[in-house]
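Inspection log for the structure reproduced underneath, given as structure tokens.
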Amino acid sequence: MSDKQDFDLIIIGAGSGGVRLARMSAAKGARVAVVESRYLGGTCVNVGCVPKKLFVYGSHAGEDIEDAAGYGWSVPHDQVTFDWTRLVANKNAEIERLNGIYGRMLENAGVTVIEGTASLADANTVVVGERTFTSKHITIATGSWPVVPEVPGKECVLTSNEMFYLPQLPKQAVVWGGGYIAVEFAGILAGLGVDTTLLYRGELFLRGFDDDVREFTAAEMRKKGINLRFGVNIESIETDNAHYAVNLTDGSRLNTGLVMAATGRRALVDGLGLEELGVQLSASGHVVVDDYFQTAVPSITALGDVIGTPQLTPVALAQGMVLSRRLFGDGKGEMDYSSIPTAVFCQPNIGTVGLTEAEAREAGHKLRIYRSEFKPMKHTLSGRDERALMKLVVDDESDRVLGAHMVGPDAGEITQGIAVAIKAGATKAQFDSTIGIHPTSAEEFVTMRDPVA
Ligand code: NDP
């Protein structure tokens, strides 16, 4: 490796993908630096997956307390209290702990961490404030940032970034959008007692998920008191900074205590100077790369949310490992984006892997569909009116399971194992010959005998 440059690799962005690439590359003997302007760990650790999951636990604890009554516990409703500021403070302490772990991990790996905002002076030079660093390779791993649609009053709209540090919970909230973040935050807020309305512009939220999952989730969320309003969008918002009046496209008006937009995320490339160097950006603003994360400029690569592949931490981690092997290892391995399992931590959770029924039909498969809906055992005594859904999409000819979908407690945990089976090409007969674990909800995936379609 060249000694003429300060580093072999400078990574801009210390999020999930950047940190994984840094550690893997340093372990292979490369001289690596990471430039970070905000926080170690990126969106996932600071304002994404981790604090979100902690908030989901916090929100769901209220139901757990109520459910305990059916198991003999005495839980006088008027003695149960919730302190939002304590949840946020405890969450913040955990995030700080994780930031420290990330810092130590990078330090122990021999990676130089440079604090500040980076821009590119040329294809091998990174400028951070007054300092200039040269490197043989540069990787853009700057991630993504929430987008708020252009409507009058948009400046008073919060995003997930601010929600994680909200000073106090309002009595009412409007969540705008119908994707992962919207349904997760609607669940968090409603579980904490906020009168929550979710507004989605389409006919049914969670576009891209299996239709049964979408309908089932909507029904379960409505049972929890969340006001789901579909086929409507926000036209404008007026506020006196305490109350918000939201004017909708159907002519109606909503008064609320907070408006949160969860309307997608854009690639974060501001100020890097990429286009000036010849790095192409797509129409959606993502950095254009080939299958090996290579941009149009030979020394510059990019990975993670910024390249527009699925915006998921495990995808960025896998990309970091592939790119590290390409730059400093045997060059082998490439990304396989098929059958990426994913969970949505709405309440109850969604877990999904493989094709939806609609996708499988579109691809020309003749299908057998297996579907089961049931009351999870826990709720026989808790009395809670919550149900679970499981669904398998099977290719009739080959018997291969093309997709598995679940709505219910621990769907994410359950789907991870199912994803291994689907990735390995398991057939329905192999699912059927697998002995169930009893009594669990998960066993339903190996006991669905009769197709419903
Ligand atoms: P998504 O892309 O998932 O959803 C965006 C939502 O906003 C969609 O419902 C979309 O509607 C709607 N929308 C977009 N533009 C407008 C507009 N102008 N007016 C009204 N509605 C609009 O984005 P999120 O922000 O929810 O999350 C970003 C990504 O982060 C996710 O896609 C996911 O990859 C990742 N993520 C993963 C999580 C997990 O793994 N559990 C958790 C949270 C985030 P339409 O469907 O009509 O386009």
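Sequence positions, counted from 1, serve as the residue numbers for this chain. Both ligands and their constituent atoms are indexed starting at 1 by order of listing. What you see is a predicted model, and the numbers here were worked out from it, not measured in a lab. Atom set for the values below is all heavy atoms of this structure, side chains included, hydrogens, waters and symmetry mates excluded.
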Report yes if Phe345 has an N/O atom closer than 3.5 Å to an N/O atom of ligand 1; otherwise report no. no

Please say whether Gly264 places an N or O atom under 3.5 Å from an N or O atom belonging to ligand 1. yes

Which protein heavy atom lies closest to [atom], and at what distance to 0.1 Å?
{"atom": "atom 12 (C) of ligand 1", "result": "Thr263 CA, 4.2 Å"}
{"atom": "atom 40 (O) of ligand 1", "result": "Leu312 CD2, 3.4 Å"}
{"atom": "atom 42 (C) of ligand 1", "result": "Glu184 OE1, 3.2 Å"}
{"atom": "atom 32 (O) of ligand 1", "result": "Tyr180 CD1, 3.8 Å"}
{"atom": "atom 6 (C) of ligand 1", "result": "Ala262 O, 3.6 Å"}

Distance only, no hydrogens: is a donor on one side chain within 3.5 Å (strictly under) of an acceptor on the other, for [X] and [Y]?
{"X": "Thr352", "Y": "Thr342", "answer": "no"}
{"X": "Asn99", "Y": "Asn46", "answer": "yes"}
{"X": "Gln319", "Y": "Tyr337", "answer": "yes"}

Checking contacts here: is it the side chain or the backbone of Phe205 that comes within 4.0 Å of ligand 1, counting heavy atoms only? Could be both or neither. neither

Checking contacts here: is it the side chain or the backbone of Asn233 that comes within 4.0 Å of ligand 1, counting heavy atoms only? Could be both or neither. side chain

[atom]: which of [options] has the nearest heavy atom?
{"atom": "atom 26 (O) of ligand 1", "options": "Ile181, Thr159, Val344, Thr313", "result": "Ile181"}
{"atom": "atom 15 (N) of ligand 1", "options": "Gln311, Arg266, Arg207, Arg201", "result": "Arg201"}
{"atom": "atom 4 (O) of ligand 1", "options": "Gly179, Gly48, Gly202", "result": "Gly179"}

Exam field: side chain Thr380 to backbone Met377, donor-acceptor pair closer than 3.5 Å: yes

Enter the distance from Lys52:NZ to Lys91:NZ here, rounded to the nearest 0.5 Å. 13.0 Å

For Glu94, does the CD atom sit with more than 12 other heavy atoms under 6.0 Å from it, leaving out its own atoms? yes

Indicate the ring-plane relationship of Phe328 and His137, choosing parallel, tilted or perpendicular according to the 30° and 60° boundaries. perpendicular

Over 60° means perpendicular and under 30° means parallel, so tell me whether Phe230 and Tyr200 are parallel, tilted or perpendicular. perpendicular

Which of the atoms in ligand 1, numbered in the order shown and given with their element, are less than 4.0 Å from a heavy-atom of [X]?
{"X": "Lys52", "value": "41 (N), 42 (C)"}
{"X": "Pro149", "value": "17 (C), 18 (N), 19 (N)"}
{"X": "Arg265", "value": "28 (C)"}
{"X": "Gly178", "value": "6 (C), 8 (C), 9 (O)"}
{"X": "Ala343", "value": "39 (C), 40 (O), 41 (N)"}
{"X": "Trp176", "value": "20 (C)"}

I'd like to know if Arg214 pairs up with Glu203 as an ion pair, taking the criterion as any Lys NZ or Arg NE/NH1/NH2 lying under 4.0 Å from an Asp or Glu carboxylate oxygen. no

Centroid separation under 6.0 Å, is that true for the rings of Phe55 and Phe164? yes

Validation row, ring centre Tyr180 to ring centre Phe209 under 6.0 Å: yes

